[in-house]
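Start at 1 and go down the list; that is how both ligands and their atoms are numbered. Keep in mind the model is a prediction, meaning the values are calculated, not measured.
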Amino acid sequence: MKFYKMQGTGNDFIIIDERRAVEKFEELYEHNSEARHQIAQNLCEIFGTDGVMFVLESKIADAKMRIFNADGTEAMMCGNGLRCFGRYVLDDLGLDEIKVETAKAEYSVKRVPDFNPYLEGFEILLNNVKAFGKTEQSKALEKQFDLKYAYDFEFFTISNLHVVSIQEKAIPNDTTLLEIGGYANSSDSPFELGVNVNFCTVLDEDKLYVRTFERGVGITKSCGTGMTSSVTRYARDQNRFQKWIEVFNDGGMIRCNVEEVAPDTYHAKFVGNASYEFAFEAEVERLGTLKRSELKIEDATHEVNQYQLFLEWTKKQIR
Ligand SMILES: N[C@@H](CCC[C@H](N)C(=O)O)C(=O)O
């Protein structure tokens, strides 16, 4: 079977299309989570990727997405992943717009051909962004570090869990991210299930920079739902609803536009790349134990080069 590696603003995933091998998957893995857990851990370890996404049939949408983090835990949602998943299914079905079922909600994905001179974009509509302000858990996280840092966290959900702090200018370094994110996802954390920890810096009125420590992964180049939670907090605080905000990160840039649809409830449109990096073939039964040295990798050279040009362009925008 053929497998693909894709990335959305540097957040990278292996795509496993179970629809292509339904019988074998059922027979071997019985579609159970334990098998997916092991496959995700092994593939993320050998390729250094952030997650593994499984493409399944859906009764209510064009396809169903299940995503597992690098540590094998299942994630309830993934914004960058949804764009990659969406592009894979759009290409597969030859469509321009589709609906995707995820663990807790349904989202649309569509092509945006004029996103950037270097790349086609993919827009997702996140229709369940919720703001909870300061909660007991976010206050406990803040308190743990208040002698050292002045981060002020608010709690958001987009099916998955986030805390967001916004500060002027200084972009937190890896040490800070690891210290706070590591604690927030440890057994001592006030968040029983762990949480994605986002630090948002205001570059100018319509430009933000976001860095994230992801639950189940660690520091990533970007986190789609993390950027969306950050833009939502910023748009609410600065009254910048229904405006396109550019969000830069260590892996590139996306655009996000937030609308308030009810108190503390928002819809966010989110556009960014979804690029192929490589493909490989392997036997389905060996996914959980494969070694990289056994594989013949087929690079998507043109897309990789185009993304490099896009990255250089994004760096010039924030110099
Ligand atoms: N990379 C993500 C979020 C992936 C899931 C997260 N690690 C979790 O467990 O909640 C994104 O782009 O949104």
Side-chain angles (χ1 to χ4, degrees), residues 5-15 33 36-37 40-41 43-44 48-54 65-88 100 102-105 107 109 121-130 137 155-164 177-178 181-182 184-186 189 191-200 208 210-233 247-256 258 266 268-275:
K5 178 172 184 261
M6 296 183 78
Q7 60 89 2
T9 43
N11 204 191
D12 53 3
F13 312 94
I14 302 291
I15 311 266
S33 295
R36 290 194 178 86
H37 169 103
Q41 275 185 325
L43 293 183
C44 290
T49 42
D50 301 319
V52 170
M53 293 193 291
F54 295 86
M65 166 176 125
R66 285 189 72 181
I67 164 146
F68 286 72
N69 292 316
D71 71 353
T73 53
E74 182 160 14
M76 291 300 103
M77 173 51 183
C78 176
N80 291 324
L82 180 63
R83 295 199 315 283
C84 294
F85 183 99
R87 177 180 173 187
Y88 174 83
V100 175
T102 65
K104 292 202 165 169
Y107 302 101
V109 187
F122 294 86
E123 179 179 305
I124 59 182
L125 173 65
L126 301 177
N127 51 17
N128 63 343
V129 184
K130 294 214 166 76
Q137 290 154 317
F155 182 61
F156 290 81
T157 63
I158 310 181
S159 295
N160 62 355
L161 317 178
H162 292 269
V163 285
V164 174
L177 275 179
L178 284 171
N185 287 281
S186 71
S189 173
F191 293 89
E192 205 184 314
L193 301 172
V195 68
N196 299 289
V197 183
N198 304 285
F199 297 92
C200 173
L208 306 177
V210 175
R211 296 200 77 203
T212 303
F213 182 103
E214 269 193 42
R215 168 188 176 270
V217 189
I219 298 176
T220 52
K221 287 191 176 155
S222 82
C223 172
T225 43
M227 290 186 281
T228 307
S229 304
S230 303
V231 177
T232 302
R233 180 169 177 182
V247 188
F248 293 82
N249 51 57
D250 296 350
M253 182 274 283
I254 58 100
R255 293 196 182 96
C256 188
V258 179
Y266 308 88
K269 287 185 210 149
F270 177 99
V271 192
N273 79 302
S275 312

Worksheet item: Between the side chains of D50 and T220, does any donor sit under 3.5 Å from an acceptor?
Response: no
Worksheet item: Between F54 and F85, which heavy-atom pair has the shortest distance, and what is it?
Response: O-CE1, 3.6 Å
Worksheet item: Among all residues two or more places apart in sequence or in another chain, which pass the ring pair (Phe, Tyr, Trp, His ring centres under 6.0 Å) test with F248?
Response: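 Per chain and number, F248 pairs via ring pair (Phe, Tyr, Trp, His ring centres under 6.0 Å) with no residue.
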Worksheet entry | Residues in contact with ligand 1, criterion: heavy atom under 4.0 Å | N11, N69, A75, M77, C78, G79, N80, N160, N196, E214, R215, C223, G224, T225
Worksheet item: Would F270 and T225 count as a side chain to side chain contact (heavy atoms under 4.5 Å, CB included) if you check the C-alpha gap in whole Å, the side-chain angles of each, and the deciding distance to 0.1 Å?
Response: CA-CA 9 Å; F270 177 99; T225 43; over 6 Å; no
Worksheet item: Between OG of S229 and CG of N196, what distance do you get to the nearest 0.5 Å?
Response: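 If we round to the nearest 0.5 Å, S229:OG and N196:CG are 8.0 Å apart.
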Worksheet entry | Note: R66-E74 ion pair, threshold 4.0 Å (strictly below) |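 Between E74 and R66 there is a salt bridge, with a charged N closer than 4.0 Å to a carboxylate O.
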